[in-house]
Structure formats: C-alpha cells, structure tokens
Amino acid sequence: MIGCTCPVCRSLDYRDQRLRVSVHLAVEGRSIVIDTGPDFRQQMLRAHIAHLDAILFTHEHKDHTAGLDDVRAFNFRQQQEMPVYAELRVLEQLQREFAYIFAEHKYPGVPQVRLHQVEDDQQPFDVLGLAVQPLRALHHRLPVLGYRLADFAYLTDANMLPDSTMMQLRGADTIVLNALRHEPHLSHFSLSQAVEILEELRPRRAYLTHISHQLGRHREVEATLPPWIRLAYDGLSIEV
Ligand SMILES: [Zn+2]
Ligand SMILES: [Zn+2]
Ligand SMILES: [Zn+2]
C-alpha cells in the first residue's frame with residue numbers, strides 16, 4: 001500500500017511484494033491472461049511473455065482492467081487484434097473507459113481489441129478452440145465471473161458463490177480463490193471464508209489470491225493453513 005509502513009509492506013520477502021492480481025495460462029499452445037490490471041505491462045515484462053492470444057475479464061474494477069492499453073505491444077508484435085472476453089456489462093464499461101480504443105476515427109497506434117461477449121454464465125464458451133466454463137460469483141452486489149479451463153479454476157473478487165458455481169467447481173484439480181484478510185469484508189472473502197469453501201470442495205490443491213497487506217506476512221499466514229492450501233505470490237508458476 002502506498003505510504004504504509006506495516007510489517008508486510010516493509011517485508012523483504014519477495015512473496016510479500018505483490019502487484020495487482022492476474023494469471024497467465026499456457027494451455028495447449030495458447031497464451032491467455034485473466035485480467036489486465038494496472039501492473040499488466042510490468043507483469044508481462046517480468047514473466048517474459050512475448051505472445052498473447054486472448055484476454056478474459058472477471059469484472060470491470062480498475063485494479064483488473066486499467067492495464068488494457070498495453071496490449072498495443074502485442075498488437076504490434078503479432079499484427080492482429082486482441083480478442084477480449086467478458087460479459088456485456090464489463091464490455092460496455094471497457095468501451096466507456098477506453099473510448100479512444102473504440103473510436104470511429106482512431107489515433108494511429110492505439111490498441112486493437114475485438115470484443116467477445118460471454119452471453120450465458122452457465123454454459124462453456126469457446127476461446128481459440130478451448131472450452132472455458134464461466135463461474136458466476138457475487139462481489140457484494142456486483143456479479144463477477146471466474147473461469148474454469150479443464151481442471152484449473154480461477155475465481156477472484158468474490159464474497160459469495162452460488163450452488164451452481166460450487167457444482168461447476170467440483171472435480172477441479174487446482175482452484176485459485178480470493179482471500180483478502182482475516183477480518184470480514186463487504187465484497188471479498190476473508191481467509192476463513194475462503195478456507196471453508198475450499199474445504200467443502202476439497203480440490204487436490206488450492207491457492208489464495210487478491211491478498212491484502214492486512215492478511216499478514218506470507219510465511220506466517222501460510223504456516224496456519226492445511227498443506228494443500230497455499231498463498232499465491234507474484235511469479236508463482238504451477239503445472240496442472
Ligand atoms: Zn501495509
Ligand atoms: Zn473488484
Ligand atoms: Zn480486485
């Protein structure tokens with residue numbers, strides 16, 4: 001946090017030094033990112049991602065969308081538009097907030113984006129030949145989407161999962177779920193709420209994300225969790 005001097009913000013442990021949440025998926029030769037937050041460019045540079053095929057958005061909050069402008073680097077390298085997938089409300093918000101990208105007469109060099117609407121939140125949709133199952137969740141009153149690809153599921157900014165989503169998560173090998181802090185929060189799961197849901201679903205392993213500095217130091221918090229639930233950290237790479 002800007003200006004904070006708490007033990008997490010002053011920690012020298014790289015696992016306590018977090019950029020905004022995102023995940024990059026390498027699936028059957030496709031390169032996909034979920035959300036492009038304000039740190040998108042830095043994350044692409046740090047992870048040496050030189051090619052990107054598509055972007056999925058969970059919801060329209062700025063910590064998940066603000067980096068979209070930097071897709072221009074991929075447009076330039078790949079000489080093609082970037083396919084973007086989200087539900088209608090999120091696509092409309094992107095069109096408002098990045099009006100110059102969607103202008104009729106575009107300034108040369110602006111990002112090139114092709115919008116694809118996720119129309120049905122219960123049915124899998126196709127992303128470059130991959131079946132993606134949307135996972136409905138509530139973020140206080142805002143409906144948001146997580147996504148499941150094969151045995152990997154990613155859900156962030158949720159504080160309620162409907163039964164249908166719990167069903168769609170069954171059998172997933174690896175689940176990523178948000179856990180903000182210990183104290184309850186209006187629009188995010190707390191640590192104990194996230195752990196309770198994961199214990200009900202009992203995947204082989206789970207990772208917690210969208211962690212606030214209020215959760216405490218990585219090493220100390222992780223030591224309190226069952227071995228199959230870990231705290232995600234920047235740069236973490238897993239194979240499913
Ligand atoms: Zn802090
Ligand atoms: Zn949010
Ligand atoms: Zn967020």
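In each ligand, atom 1 is the first atom listed, and ligand 1 is the first ligand listed.
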Quiz item: Name of the His213 N, O or S atom nearest the Zn ion (ligand 1)?
Solution: ND1
Quiz item: Which protein N, O or S atoms does the Zn ion (ligand 2) have within a distance shorter than 2.8 Å?
Solution: His59 NE2, His61 ND1, His139 NE2, Asp157 OD2
Quiz item: Do the two ring centres, one from His140 and one from His188, sit under 6.0 Å apart?
Solution: no
Exercise. Rounded to the nearest 0.5 Å, what's the gap from CG on Leu56 to CG on Leu149? Could you check?
Key: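 Output value for this atom pair is 7.0 Å.
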Practice problem: Measure the CZ-CD1 distance between Arg170 and Ile175 for me, rounded to the nearest 0.5 Å. | Solution: 9.0 Å
Quiz item: Between Tyr233 and His218, how do the two ring planes meet: parallel, tilted or perpendicular, split at 30° and 60°?
Solution: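 The rings of Tyr233 and His218 stand perpendicular, inter-plane angle above 60°.
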Quiz item: When the ring planes of His64 and His210 are compared, do they come out parallel, tilted or perpendicular, using 30° and 60° as the limits?
Solution: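 Answer is parallel, since the angle falls under 30°.
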Exercise. Using distance alone, with no hydrogens and no angle criterion, decide if Gln43 and Arg46 have a side-chain donor and acceptor under 3.5 Å apart.
Key: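 No, because no side-chain N or O of Gln43 sits under 3.5 Å from a partner of the opposite role on Arg46.
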